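Notes to accompany the following structure.
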There are 2 protein chains.
Amino acid sequence: MDMTQQDSLKGSSLYDTMRRDIVFGRLPAGSKLALNGLRESYGVSISTIRECLNRLVAEGFVKSEGHRGFHVSPVTPEGLQEVAELRILLEAHALKRSMEAGDTQWEARIVAAHHKLHRMEQKMAAGDHAVRETWKQYDWEFHQSLISACGSAELLFLHGTVFDKYLRYQMRVLTFRGETAAMEHRQLLKAALDRDADTAERILRQHIAGGVTHALENWQD
Amino acid sequence: MDMTQQDSLKGSSLYDTMRRDIVFGRLPAGSKLALNGLRESYGVSISTIRECLNRLVAEGFVKSEGHRGFHVSPVTPEGLQEVAELRILLEAHALKRSMEAGDTQWEARIVAAHHKLHRMEQKMAAGDHAVRETWKQYDWEFHQSLISACGSAELLFLHGTVFDKYLRYQMRVLTFRGETAAMEHRQLLKAALDRDADTAERILRQHIAGGVTHALENWQD
DNA sequence: ATGCTTGCAAAAATCGATTTTGATCATCTC
DNA sequence: GAGATGATCAAAATCGATTTTTGCAAGCAT
């Protein structure tokens with residue numbers, strides 16, 4: 001069991017943990033991030049915590065004001081719409097590029113990613129909500145695989161951040177939209193394999209817009 | 001002369017300074033960022049330096065690998081093209097939104113911003129290369145003002161980072177492209193005031209693509 | 001001579017302590 | 001009694017020191 005170099009750094013693994021804790025709502029939106037509290041709960045020193053928080057500030061998951069410490073970025077209906085619009089903009093563009101350039105390797109990747117996602121969607125549909133986090137992980141991997149042949153590392157980087165911001169809003173919703181989403185995922189896979197760019201973009205827009213509507217209808221403060 | 005709260009934090013002002021130093025090439029692409037060296041040259045402690053570097057890592061201006069420290073992100077022709085494509089994607093979208101929503105206040109802002117930029121362009125054309133940095137500052141403010149009415153803080157935030165990444169590539173070029181750029185700025189202002197979205201997007205694409213070509217033709221390792 | 005191991009110095013990552021700042025509460029004045 | 005002023009405490013920002021890791025070089029073996 002050899003660890004990769006990054007994992008041996010407390011800072012990096014802490015960063016992954018805290019980022020997930022924010023995205024999946026274990027650190028609630030707007031909550032204060034008291035340095036001493038974090039030091040205890042994560043078991044690292046204040047300096048390491050601060051380095052991590054500064055990275056999250058740069059990405060926009062955490063806000064810091066003056067000498068008043070750190071807070072998890074708040075969520076607002078406007079924020080959801082802004083992030084969703086950005087996700088559509090970036091992902092639709094990347095998807096188009098990816099469908100132009102993708103080879104058979106790429107096709108294999110998206111088929112494999114969809115299969116994993118599909119299995120989780122079945123479990124979720126059967127009522128097994130314990131796999132919620134894995135399900136969203138595979139959701140990410142599927143969308144990521146679709147755009148993975150776009151040829152722009154910068155675009156993939158930006159999309160990753162925006163996707164997670166969007167995901168944070170989705171994780172706040174407790175009710176299930178899996179049936180519709182699962183169908184859209186199938187349609188998306190088919191359109192990608194058929195290299196039908198127009199259909200793919202249409203389904204993607206519908207997929208994301210549907211998630212926004214669903215989140216807004218079930219909004220809770 | 002009262003300082004705003006953020007300026008009284010060494011971390012924040014250091015961040016601004018280092019970010020500019022990278023964008024304007026005073027910290028050359030690929031160069032090693034030795035912590036002890038930085039501590040001396042910027043006059044703050046290692047911890048503060050590290051907090052700052054971590055923010056720059058999250059934005060992509062600095063790379064950090066394992067236990068081997070920090071480096072300024074390298075520049076490549078592919079990177080330039082990726083960043084330029086992203087700038088076009090984000091800025092064109094924001095510009096369209098801004099032109100739909102902009103009121104008279106917005107018109108006043110873009111006219112004022114263009115005037116400041118125009119004055120610097122005149123100085124540059126007259127051979128005063130000392131104002132190079134101010135010129136680019138006003139260039140940023142003009143483009144920023146154009147999209148300032150887009151209504152999405154997230155979009156403006158993302159665009160700000162991408163713009164600076166693009167700017168870093170432009171600052172490597174020593175020869176002058178001011179005449180053409182100045183004309184495009186005028187056309188952009190006119191199209192925005194006329195609410196001619198198609199023309200504005202066409203000019204913007206041309207403006208950025210022209211910068212890419214110019215940078216690639218004068219590339220230096 | 002080449003390749004491998006081992007030891008040393010330099011540098012990064014992490015930590016605990018110090019300094020500075022903001023907030024709260026009590027006290028004083030009008 | 002209300003508002004202003006000052007003291008006290010908690011928390012954040014910064015710093016210097018410690019621990020850990022790496023890269024290099026010298027020595028040994030083949």
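Just so it is clear, the model here is predicted, and its values are computed rather than measured. In the text below, chain A, chain B and the rest are named by the order of the sequence lines, each starting its count at 1.
- One atom, CG of Leu35(B), and another, P of dG16(D), lie 15 Å apart when rounded to the nearest Å.
- In this structure, CD of Glu65(A) is placed 15 Å from C1' of dA13(D), rounded to the nearest angstrom.
- By the 30° and 60° cut-offs, the orientation of the rings of His159(A) relative to Phe163(A) is tilted.
- Within the structure, every pair that satisfies the salt bridge (Lys or Arg N to Asp or Glu O under 4.0 Å) test and touches residues 91-102 of chain A, not counting sequence neighbours, is listed here: Arg87(A)-Glu91(A), Arg97(A)-Glu100(A), Arg97(A)-Glu85(B).
- Using a 3.5 Å distance cut-off with no hydrogens or angles, the side chains of His214(A) and Thr175(A) do pair a donor with an acceptor.
- Within a heavy-atom distance below 4.0 Å of DNA chain D, the residues of residues 36-55 of chain B found are Val44(B), Ser45(B), Ser47(B), Thr48(B), Glu51(B).
- Applying the side chain to side chain contact (heavy atoms under 4.5 Å, CB included) rule to Trp106(A) yields the partners Ser98(A), Met99(A), Asp103(A), Arg109(A), Ile110(A), Ser148(A), Ala149(A), Ala192(A), Arg195(A); only residues at least two apart in sequence or on another chain are considered.
- One can place NE2 of His67(B) at 6 Å from P of dT21(D), the figure rounded to the nearest angstrom.
- Every residue meeting the ring-ring contact (aromatic ring centres under 6.0 Å, His included) condition with Trp135(B), not counting sequence neighbours, appears here in chain and number order: Phe176(B).
- Within the helix from dA1(C)-dT30(D) to dC30(C)-dG1(D), the inter-axis angle between the opening and closing five-pair segments is 0°, rounded to 10°.
- Between dA12(C) and Lys32(B), a contact under 4.0 Å exists linking OP1 or OP2 to a side-chain N or O.
- Rounded to an integer number of Å, the gap from CZ of Arg68(B) to P of dA10(C) is 20 Å.
- The interatomic distance linking Leu9(B) (CG) with dA12(D) (P) rounds to 13 Å, in whole Å.
- Scanning for side chain to side chain donor-acceptor pair (under 3.5 Å) contacts around Arg119(A) gives Gln122(A), with sequence neighbours left out.
- Listed by chain and residue number, nothing satisfies the salt bridge (charged side-chain N to carboxylate O under 4.0 Å, His left out) test with Arg132(B) (two or more places apart in sequence, or in another chain).
- If you measure from atom CG of Leu14(B) to atom P of dT14(D), you get 9 Å, rounded to the nearest angstrom.
- Remark: His207(A) pairs with His143(A), His185(A) by the ring-ring contact (aromatic ring centres under 6.0 Å, His included) rule, at least two apart or across chains.
- Contacts of Tyr138(B) classified as side chain to side chain donor-acceptor pair (under 3.5 Å), with partners at least two apart in sequence or in another chain: none.
- Close to dT21(D), at under 4.0 Å from its OP1 or OP2, lies no side-chain N or O of Lys10(A).
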